[in-house]
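Note that the structure is predicted; figures quoted are calculated from it, not measured. Here is the naming used below: chain letters follow the sequence lines, and residue numbers restart at 1 for every chain.
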Amino acid sequence: MAYWLVKSEPNTWSYDQHAKAGSQEWDGVRNYQARNHMRNMKVGDRVFFYHSIKEQSVVGICEVSAEVHPDSTDDTGTWECVDLITIRPFTTPVTLKQIKAEPALAEMVLVKNSRLSVQPVAAKEWKKICKLGDTDPG
DNA sequence: GCCAACGTTGGC
DNA sequence: GCCAACGTTGGC
């Protein structure tokens, strides 16, 4: 099983909104690197949900509920997306500040390339962040 | 609100 | 195919 991280501005689409929506397309991604990561996602992979801009913290865990398929909001046929379903919110959201302060997380894509909206997460990083958030990693 | 970093576009 | 210009993102 692989681990990932997706980003969203909570003003545009928040973890709570996604929780209410159930299994839901992760649409609107218009970046080739991000799309390529989504192409590699498998059903059951775990995904961190990160709130950018205002909150700047990892707020919850999702699971891939459908493999990559055409993005219904794109009529050019260029862009694809997966479906995600929320699993559990973090007991304590883990802030970007905490992540940057943690040497074991210095190599995270979130730190190195803050603009990439869909990114891989190493198993070690996954465990570490779950621990920081006092949340079950499974 | 500013600005740095990154990705994309388009002229040559 | 290169590179300058532009737009967008997101941390500060």
Side-chain angles (χ1 to χ4, degrees):
Chain A
M1 175 171 59
Y3 300 102
W4 311 91
L5 181 147
V6 297
K7 289 189 308 181
S8 182
E9 274 194 60
N11 285 341
T12 308
W13 184 253
S14 70
Y15 186 83
D16 286 346
Q17 277 177 287
H18 202 114
K20 281 177 193 152
S23 182
Q24 167 71 32
E25 269 196 358
W26 194 254
D27 55 30
V29 174
R30 298 292 181 267
N31 173 280
Y32 289 102
Q33 251 186 296
R35 185 196 67 183
N36 291 342
H37 287 313
M38 288 196 287
R39 284 179 169 178
N40 289 327
M41 289 185 184
K42 297 273 185 282
V43 171
D45 281 359
R46 291 298 159 102
V47 184
F48 282 143
F49 197 114
Y50 176 80
H51 278 175
S52 64
I53 310 285
K54 251 195 158 180
E55 300 182 20
Q56 295 175 208
S57 47
V58 179
V59 294
I61 295 175
C62 298
E63 183 177 293
V64 177
S65 51
E67 284 187 32
V68 73
H69 58 82
D71 183 333
S72 70
T73 67
D74 169 48
D75 52 13
T76 69
T78 305
W79 303 108
E80 299 169 353
C81 64
V82 295
D83 291 3
L84 300 178
I85 187 166
T86 60
I87 299 291
R88 72 177 73 86
F90 267 55
T91 307
T92 313
V94 178
T95 65
L96 183 63
K97 211 175 175 180
Q98 282 177 280
I99 291 170
K100 287 192 162 176
E102 179 56 60
L105 302 175
E107 293 301 313
M108 276 192 77
V109 182
L110 191 65
V111 176
K112 295 271 178 184
N113 180 6
S114 61
R115 290 188 51 185
L116 185 59
S117 63
V118 179
Q119 48 184 266
V121 173
K124 273 186 188 173
E125 296 164 349
W126 182 272
K127 283 180 191 163
K128 185 77 193 175
I129 287 174
C130 288
K131 203 173 177 185
L132 288 173
D134 194 23
T135 295
D136 180 2

Donor-acceptor contacts, no H, no angles, side chain residues 97-105 of chain A, under 3.5 Å, sequence neighbours left out:
unit_1, atom_1, unit_2, atom_2, d
A/Q98, OE1, A/T95, N, 3.0
A/Q98, OE1, A/T95, OG1, 3.4

Counting only pairs under 3.5 Å, give me each side-chain donor-acceptor contact of residues 76-88 of chain A, with atom names and distances, residues two or more places apart or in other chains.
unit_1, atom_1, unit_2, atom_2, d
A/T76, OG1, A/D74, OD1, 2.8
A/T76, OG1, A/D74, OD2, 3.2
A/T76, OG1, A/T78, N, 3.2
A/T76, OG1, A/T78, OG1, 2.9
A/E80, OE1, A/R39, NE, 2.9
A/E80, OE2, A/R39, NH2, 3.3
A/D83, OD1, A/H69, NE2, 2.7
A/R88, NH1, A/D136, O, 2.6
A/R88, NH1, A/G138, O, 2.9
A/R88, NH2, A/G138, O, 3.3

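Checked against the 6.0 Å centroid threshold, A/F49 and A/W26 count as a close aromatic pair.
Taking every heavy atom of residues 69-80 of chain A and every atom of DNA chain C, no pair lies under 4.0 Å.
Atom-to-atom, CG of A/N31 to P of B/dA5 comes out at 18 Å; the value is rounded to the nearest Å. The nearest whole Å value for the distance from the NZ atom in A/K112 to the C1' atom in B/dA4 is 17 Å.
Between A/H37 and A/W4, the ring-plane angle classifies as tilted under the 30° and 60° cut-offs.
Remark: A/D71 engages A/R30 in a salt bridge, criterion side-chain N to carboxylate O under 4.0 Å.
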Contact letters for nucleotides 6-12 of chain C, in which S counts primed atoms plus P, OP1 and OP2 and B counts the base, heavy atoms under 4.0 Å: -BBBBSS
Test side chain to side chain contact (heavy atoms under 4.5 Å, CB included) applied to A/L110 and A/K7, step by step: CA-CA 9 Å; A/L110 191 65; A/K7 289 189 308 181; 4.0 Å; yes
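Grouped by direct or indirect side-chain proximity (heavy atoms under 4.5 Å, Ile/Leu/Val/Met/Phe/Trp/Tyr only), A/L116 sits with A/V109.
In this structure A/Y50 satisfies the ring pair (Phe, Tyr, Trp, His ring centres under 6.0 Å) test with no other residue, sequence neighbours excluded.
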